[in-house]
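Beneath this line is the structure, given in structure tokens, with notes to follow.
Each chain gets a letter, A, B and so on, in the order the sequences are listed, and its residues count up from 1.
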Amino acid sequence: MELRAVLTTCPYCGVGCNFIFEVLDGKIINTMAAKTGPSNAGSLCIKGWSVHEFIQHKDRLTKPLIRRDGVFKEATWDEAYDYAASELLRLKDTYGPESVAFVGSARCPNEETYIFQKFARAAFGHNHVDHCARLCHAPTVAGLAVSFGSGAMTNSFAELEHANCILVIGSNTTVSHPIAAKRLMKAQANGAKLMVADPRKTQIAQLADLHVQQNLGTDVALINGLMHVIYKNGWHNRAFIEERTENFPALAEMIEQFPPERVSQITGVSVPDIEKMAAWYAKSQDSAIVYVLGITQHTTGVDNVKSLANLAMLCGHIGRPSTGVNPIRGQNNVQGACDMGCLPNAFPGYQYVNVPENVAKFEKAWNAKLSGTPGLTMVEQVEAVHEGKVKGLVVFGANPVVSYPNANRVQKGLEALEFLLVLDIFPTPTTALAHVVLPGASFAETCGTFASSERRVQLVREAIPPIPGKYNWEIIPELSTRVGYPMKYASAAEIFDEMASLTPAYGGMSFPRLEAEGLCWPCPTPNHPGTKYLHKDKFTRGLGLFQAIDFRPPAEAPDDDYPFWLTTGQIFSHYLTGTMTRRCPTLHHENPEVFVEINPQDAARLEIEAGEKIRASSRRGTIEVKARITETVKPGVVFIPMHFLENAANRLTNAALDPITKTPEYKVCAINLAKAA
Amino acid sequence: MDKLRAKVRTLLSEGQVAGYLGYLIKDSHPLPHLFTPENLEEVDQAVVAPDNARYPLDKLLIPLAERYPEAAFAIQVRGCDERGLNELYKWGQLDPEKVVPVGVACTQEQADYCECPGPWASVVDYGEKCQPVAKSLRVEQVATLAEEDAFQEWLGAFKRCIKCYGCRDVCPMCFCKDCSLEHEDLMSTGQLPPDSIFQLVRAIHMAGRCIDCGLCEETCPAGIPLRVLYKKANALVKDLFDYETGSPTAGPSPWKMLGEEATLETKPM
């Protein structure tokens, strides 16, 4: 008889909720919100309450699989390791080490991600290692790093409750980060003004004191317009600009060109609303900005982020409690995966690969020859496959066939690979294309750490032993050893300690210190208390950098053939490519199939009825979707959720990239809708 | 705490129970824990849940008792938890012969926060009895609002619901296998906020069943004053049926009159 309560950290979004698994005789029977969780304080969303429904699901991969002549056969671990290693070595010898690229995961613990990127870099001597932050918040990392010197949420979730004004832009908070929405609602109850800028009338938009529905892809114009009004009225913070920032004249010159009337024309937001937003944000004592992928998943993603940084600096709403620029990360450990250097341009701790001292530091620590040349980003890897430069791909806990834009082209690329190795917990359209599939241990079957959006590094604790029989942190070193770079660790804590010794922001952390409520980085020394909010007194880069950003329209706009604006996103009961959530009965019950949100006017014009199956097509693909007729979207705009692999929205989306971070424009493309034949 | 630990130690070592469901500080957090005779030394670390870290132990006992139907278990209960046990006995979810309460009396502060009319268990193994709170000011306050104002205020609160189902999932009295909140004829699916009837359907099911532990309100991310709603529902049940929810002496639940099977078809008047 054994009943255990195991405290751990949620594997879904970046809020970092803590919950308790109730484990009865080896079976996880329930999930309970942890009252002592620093970011959730006793709450969870529907996905959190249902986590136990997928872990011991019958579909879990439990044994290694090798595909020969198109047929998967179960294999022993030794056979799978040997075959994978021999194929990787064959590609390395035949085409050179650069022919193998690596895709890591924002879902796995830091320890696994750290050794994954170490494996790629040390065993293959290049930096072609990336992960799905590329698809979501890479513009945050890049944009805020330039403006402030550090690309992360500046403040903590709990602080948001005490802001006087919150601007939520491009965030469907109650859906994608529900327990962050708890803080927004609490702030509102405390008297804060809540403003939401979103092309859709989402729940948080309906709750807001002011909702503006900007046209898709016009955020730079909107934010420049707000700054124009603030500056003209003298509501900006002169002392802050003078003491803490540089390059203000360039910004002033740029925003001069964005008077409200012009901005209104571009964005569709009325002049009085622009003025009201500007006044509320600038004149409240503590104003905070919250944003998510509605800002980043554009060809102007980095520009959008930098614009928000400009706005915060203009008013001095940063570097204090309950203010700041707060990107909420979409995945449990996307912050951590970036921190761990699962990025083609940086070693752990954002120590950039093009700095020779950094290469020397890690060469010494890892005893390997490393490259100082930034590697290929995720979408570039796919292009390199099409060009025949990349022949092998190692995918660790990711599902590119559903999650990448222009999925049809991704699928063709993966089909052309000579060798594809995928580790995952469930079969996916990506594992279906693999030559070797390794069964992974889920977060419930391992110890380790996740870094949440508020930079809080929290423990993940083992509730049950690994279902496939091995920890992921055992699998990667074994593989690495067999391709010629020996690695061996006795525990996740040992890996953490090695990582912390090389990553200054984590330098003072250790598993025992993380027990109570984790620590927010930077935490450089063993007695450092961690950092609740960033940029107090001084930006990470010294002075905050204003940047003049001009408005650029999205890459694709509707025309006669594809007359609708499509935007994509999540729905409250599912998560990303749905491999976990769609296996949870509670979640499946809410949303069993894909749909398209369409305005009643458009539906009437096309004679589409509620619930009718219709065809949605773009220049890149076609899917079948059920019509959901709703005022949530404006006429001319439609929304399709991304979770449904059988009718994946990403068969339609445009792989046009942000020029700096190569992040795809998931939030805007042109499509056509037609009655199904 | 010595008295409580001594009682638990006796229960376990004498084999009166197979386990004690209580709390332990683990990983620096107070967590529910099953103490067993095999690990008797752990009882030295047994604690009473801090007021701000109470969990629905009654709910946790149900699957445990289901898996070990022959075994008896001790369980830490406050007044509300024990009311919960009494209702669960009535609804056939637990067998009173197989449950030994280890009782806690709440502090005055906690009783005031909960507006609790019964802030201690029938046996007190920890704490001192305080003054019960007979009347809920929160309920009275809502009653002073004009009907239309009250209606709008409730609708405003319901619009914040993110449909996490936390109120149900944390509730020690929500043991149904089929939940009305997921019944396709009662509730639409797939959208936020849910139908505004969502909270009302739950409130109706809580009438005569809610033991007023307040865990639903504490877990609600939207800050919906659920406790006020259910306190009111229980007050109505008291008025209409003279039924005191959770009382061991109140007799069968009034809903037993519905018979073995209830259907959704309209009945002749």
>> Set out, in order, the CA-CA distance, both residues' side-chain angles and the distance that settles side chain to side chain donor-acceptor pair (under 3.5 Å) for A:E22 and B:Y55, then state yes or no.
In response: CA-CA 12 Å; A:E22 297 166 5; B:Y55 291 99; over 6 Å; no

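- Of the two parts of B:P30, only the side chain, counted from C-beta on, holds a non-hydrogen atom closer than 4.5 Å to a non-hydrogen atom of chain A.
- Side chains of A:L3 and B:L21 form a contact here, defined as non-hydrogen atoms less than 4.5 Å apart.
- Residue A:T31 holds its OG1 atom at 8.5 Å from CG of B:D169, rounded to the nearest 0.5 Å.
- Using a 4.5 Å cut-off between heavy atoms, B:C179 does not touch chain A at all.
- Considering CD of A:E597 and CD of B:Q191, their distance stands at 7.0 Å, rounded to 0.5 Å.
- For the options B:E184, B:E218, B:E38, heavy-atom pairs under 4.5 Å to chain A are most numerous at B:E218.
- Contact count against chain A (heavy-atom pairs under 4.5 Å) is highest for B:P193 among B:A18, B:P193, B:A53.
- If you measure heavy-atom distances from A:S50 to chain B, you find no contacts under 4.5 Å at all.
- Of the residues listed (B:L34, B:L60, B:L64), the one engaging A:L24 in a side chain to side chain contact (heavy atoms under 4.5 Å, CB included) is B:L64, and it is the only one.
- Most heavy-atom pairs under 4.5 Å with chain B: of the set A:L7, A:D25, A:T202, A:L459, this distinction falls to A:D25.
- In this structure, chain A has heavy atoms under 4.5 Å from both the backbone and the side chain of B:D27.
- Heavy-atom contacts from other residues, nucleotides or ligands closer than 6.0 Å to CD1 of B:I62 number more than 12.
- In this structure, CZ in A:F572 is found 4.5 Å from CG in B:L192, a value given to the nearest 0.5 Å.
- Proximity to chain B involves both the backbone and the side chain of A:A34, based on heavy atoms less than 4.5 angstrom apart.
- No part of A:S573 comes within reach of chain B, as not one of its non-hydrogen atoms sits under 4.5 angstrom from that chain.
- In terms of heavy atoms, B:C164 sits closest to A:L44 at CB-O, 3.3 Å.
- The most heavy-atom pairs under 4.5 Å with chain A, out of B:G19, B:S188, B:P32, B:A71, come from B:P32.
- Within 6.0 Å of atom NZ in A:K186, 12 or fewer heavy atoms from other residues, nucleotides or ligands are found, so the atom counts as exposed in its surroundings.
- Panel note: side chain A:Q203, backbone B:C161; a donor-acceptor pair is recorded below 3.5 Å.
- Within 6.0 Å of atom CD in A:E593, more than 12 heavy atoms from other residues, nucleotides or ligands are found, so the atom counts as buried in its surroundings.
- The part of B:R54 that comes within reach of chain A is its backbone (N, CA, C, O), which places non-hydrogen atoms under 4.5 angstrom from that chain.
- For A:R628, the part lying under 4.5 angstrom from a heavy atom of chain B is the side chain only.
- To the nearest 0.5 Å, atom NE2 of residue B:H29 and atom CD1 of residue A:I20 are 9.5 Å apart.
- Annotation: side chain of B:L215 is in contact with side chain of A:K35 (closest heavy-atom distance under 4.5 Å).
- The two residues A:S43 and B:C220 make their nearest non-hydrogen contact at OG-C, 4.0 Å.
- With chain B as partner, the option from A:Q206, A:R461, A:K47 having the largest number of non-hydrogen pairs under 4.5 angstrom is A:R461.
- The choice from B:K159, B:K59, B:K163 that makes the most heavy-atom pairs within less than 4.5 Å of chain A is B:K163.
- Under the side chain to side chain donor-acceptor pair (under 3.5 Å) criterion, B:R160 pairs with no residue, sequence neighbours left out.
- Summarising the geometry, atom CD1 belonging to B:I162 is positioned 5.5 Å from atom CE belonging to A:M185; distances are rounded to the nearest 0.5 Å.
- Of all the heavy atoms in B:P221 and A:I179, the pair that sits closest is CB-CD1, 3.9 Å.
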